[in-house]
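One structure is given below, represented as structure tokens, and several questions about it will come after.
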Amino acid sequence: MTLPPKPASRPDKVSLWRYLQLGRQDLLSAQPERLYRAWMAEFRTPFFRSYLVNQPDLVKTVLKDRPLDFPKSARISEGLRPLLGESVFLTNGAQWQRQRRIIDPAFEGGRLRETYPAMWAASQAALARLSARAGETVEIEEQTSHAAADIIFRTLFSIPIEDDLAAQVFHEFRAYQRTQPILNLAAFLPLPRWMPRFFRSDTKAAAKRIRGLITALCERRRAEIEAGTAPDDLATKIMTTADPETGETFSTEEMVDQVAIFFLAGHETSASALAWALYLVATHPDWQERLAEEAQLLGEAPDFADIAKLRLSRDVFRETLRLYPPVPMMVRETTCPERFRDREVPEGVQIVLSPWHQHRHARLLDNPDGFDPGRWGTENGRSCAREAYMPFSAGARVCTGAGFAMVEGVLMLSLILRDLKLTALPEKTPEPVAFLTVRARDGIHLRVERR
Ligand code: HEM
């Protein structure tokens, strides 16, 4: 069985200039092979010092045990601030804690059940779009982006993507992402600290347009809440939840910041994961058939209890998030000197946590580059799930949408495979590259047929 595509690593030693060039092309192939075996690696350049950490207990120290000592790196915030403002993804300390106190209740288990009919409706719409292309070769990432964006609008604002404002936000986001892959990488690359501040003017303009559209959505909702006519969806829940400690609710401006990140974090990531999942089942027909059969358990109407029954689909989705974690790396900063693996790690340096490398670590996993959804039932798979698996990060800053994403991904995968059969084209093997999320350089092309 051929292994799922993995980018070639760079030679161990390259010049700073070459590293920069490689990083501009793709973050993953800019890294050396040794990171798939290392517990920790240091990168030192004139501008930059960082430590990539794979060792499970050190990752736990940073993410779970002492998260407040390792805040988000300012380098990331600089690049994304024009779009995301003071969103929960970028803030630190007391401001971040307050935001999570208001946001988290909207994503609790019970709310997920209430969100399910909207997810179901968006999934049916996605299936209808794909079914209409039966007999053709389809670029799948475009389809999954559309579907994931639709899910966000329906669950957050109770509007489908065909709504005029929603459609405009979606199109502007696509334009925005095309203008600025390098800015996302600024956090990881050895650029001088001032570099990310030089935003391209079209990037700034696109961010402003997106924020203008989201402001219109939030103001419309604010008026509906005041008039008592607002639908009971995620936006209403978040805008009416008071911080249990201070009693304050979000201002419209703060809500715009949060909606921008829900949209960005919630649709790019889910779209990437679903596209890779569909590619992996297309190249593993045995698993595709098993999922198609399991999908018969789904009824014709939305029933949240069905999701728990879709075990194989969940194993495939988890395995996809292992091989192609949509967020391949995360960056934190030290706030005091640390001692990691008997090495001094100074204050103010970057700590890189890499789901991409940890999930394929040769010393932690059996068959690290192979597609094996059955692994989750094995001893090694269980220890990997505990110690070497963080597609949604971990600890206090864990992804707020993790539960949401696991329902959405598993449902979409099953619904699509219940009706459609997918085949990969050998001449179009996708090449994984990391910009904002892990995507295929030239898209993922699959042949779609009705079952
Ligand atoms: C497969 C889908 C998804 C993946 C793999 C994913 C992954 C992640 C990861 C790794 C982080 C931590 C980033 C870091 O610490 O630098 C994160 C944070 C976040 N995600 Fe997700 N995410 C997904 C879907 C979603 C969805 C559907 C939503 C919301 C609707 C969402 C909202 C957020 C937010 C608000 C944060 C910031 C949390 C904080 O910093 O406190 N994500 N996500």
Side-chain angles (χ1 to χ4, degrees), residues 59 62-64 67-68 70-73 75-77 79-80 84 86-93 95-104 106-107 111-112 115 118-119 122 144-145 147-157 184 187-188 233-235 237-238 255 257-277 314 317-318 320-333 350-356 358-359 389-413 434 436-438:
V59 173
V62 174
L63 292 181
K64 290 191 179 166
L68 293 176
F70 299 94
K72 283 254 171 139
S73 162
R75 282 168 181 255
I76 281 221
S77 322
L80 294 170
L84 300 182
E86 295 293 311
S87 96
V88 65
F89 191 77
L90 301 182
T91 52
N92 281 311
Q95 186 184 16
W96 164 77
Q97 283 173 317
R98 170 177 167 273
Q99 292 173 340
R100 288 284 304 228
R101 285 197 296 269
I102 296 178
I103 291 168
D104 283 356
F107 289 91
R111 297 294 302 188
L112 221 56
T115 313
M119 277 190 194
T144 58
S145 288
D150 194 19
I151 288 197
I152 290 288
F153 283 118
R154 288 181 197 244
T155 52
L156 207 57
F157 284 108
N184 306 309
F188 306 96
D233 51 21
L234 292 179
K237 172 79 181 157
I238 295 170
M255 186 62 190
D257 295 345
Q258 313 314 327
V259 172
I261 189 56
F262 292 150
F263 193 78
L264 191 68
H267 115 273
E268 264 283 304
T269 48
S270 295
S272 150
L274 183 62
W276 285 109
R314 189 162 48 253
F317 199 67
R318 286 171 91 190
T320 306
L321 292 173
R322 183 185 72 78
L323 283 169
Y324 301 104
V327 179
M329 294 184 199
M330 301 173 276
V331 186
R332 300 291 189 268
E333 213 162 72
Q350 319 292 306
I351 303 289
V352 180
L353 307 158
S354 174
W356 181 275
Q358 207 196 36
H359 290 182
Y389 190 66
M390 49 175 176
F392 297 108
S393 184
R397 275 207 103 126
V398 69
C399 172
T400 44
F404 182 104
M406 286 307 294
V407 174
E408 162 189 19
V410 168
L411 172 65
M412 282 259 198
L413 189 56
L436 196 58
T437 53
V438 173

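In listed order, ligands and their atoms are each counted from 1.
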Given Arg100, Arg397, His267, Arg332, which one has a non-hydrogen atom that is nearest to atom 15 (O) of ligand 1?
Arg332
Taking atom 10 (C) of ligand 1 as the point of reference, which of Gly266, Ser272, Pro391 owns the nearest heavy atom?
Pro391
Give the contacting part of Val327 toward ligand 1: side chain, backbone, both or neither, where contact means a heavy-atom distance below 4.0 Å.
side chain
Identify the two heavy atoms, one from Met390 and one from Gln358, that lie closest to each other, and give their separation to 0.1 Å.
CE-OE1, 3.5 Å
Between Phe392 and ligand 1, which residue portion shows a heavy-atom distance shorter than 4.0 Å: side chain, backbone, both, or neither?
both
Minimum heavy-atom separation for Pro355 to Met329, with atom names?
CD-CA, 3.9 Å
Lys72, any N or O under 3.5 Å of ligand 1 N or O:
yes
Would the Phe107 and Phe262 ring centres measure less than 6.0 Å apart?
yes
Quick one: does Ser272's side chain have a donor or acceptor within less than 3.5 Å of a partner on Val438's backbone?
yes
Does only the side chain of Ala405 get under 4.0 Å from ligand 1, or the backbone, or both, or neither? Count heavy atoms.
side chain
Does Arg332 form a side chain to side chain donor-acceptor pair (under 3.5 Å) with Asn92? I'd like the steps, not just the answer.
CA-CA 11 Å; Arg332 300 291 189 268; Asn92 281 311; over 6 Å; no
Is there a side-chain contact between Gln99 and Asp257, using heavy atoms and a 4.5 Å cut-off?
no
Could a heavy atom of Met390 be found less than 4.0 Å from some atom of ligand 1?
no
Check: of Pro325, Ala271, Cys399, min heavy-atom distance to atom 17 (C) of ligand 1 comes from Cys399
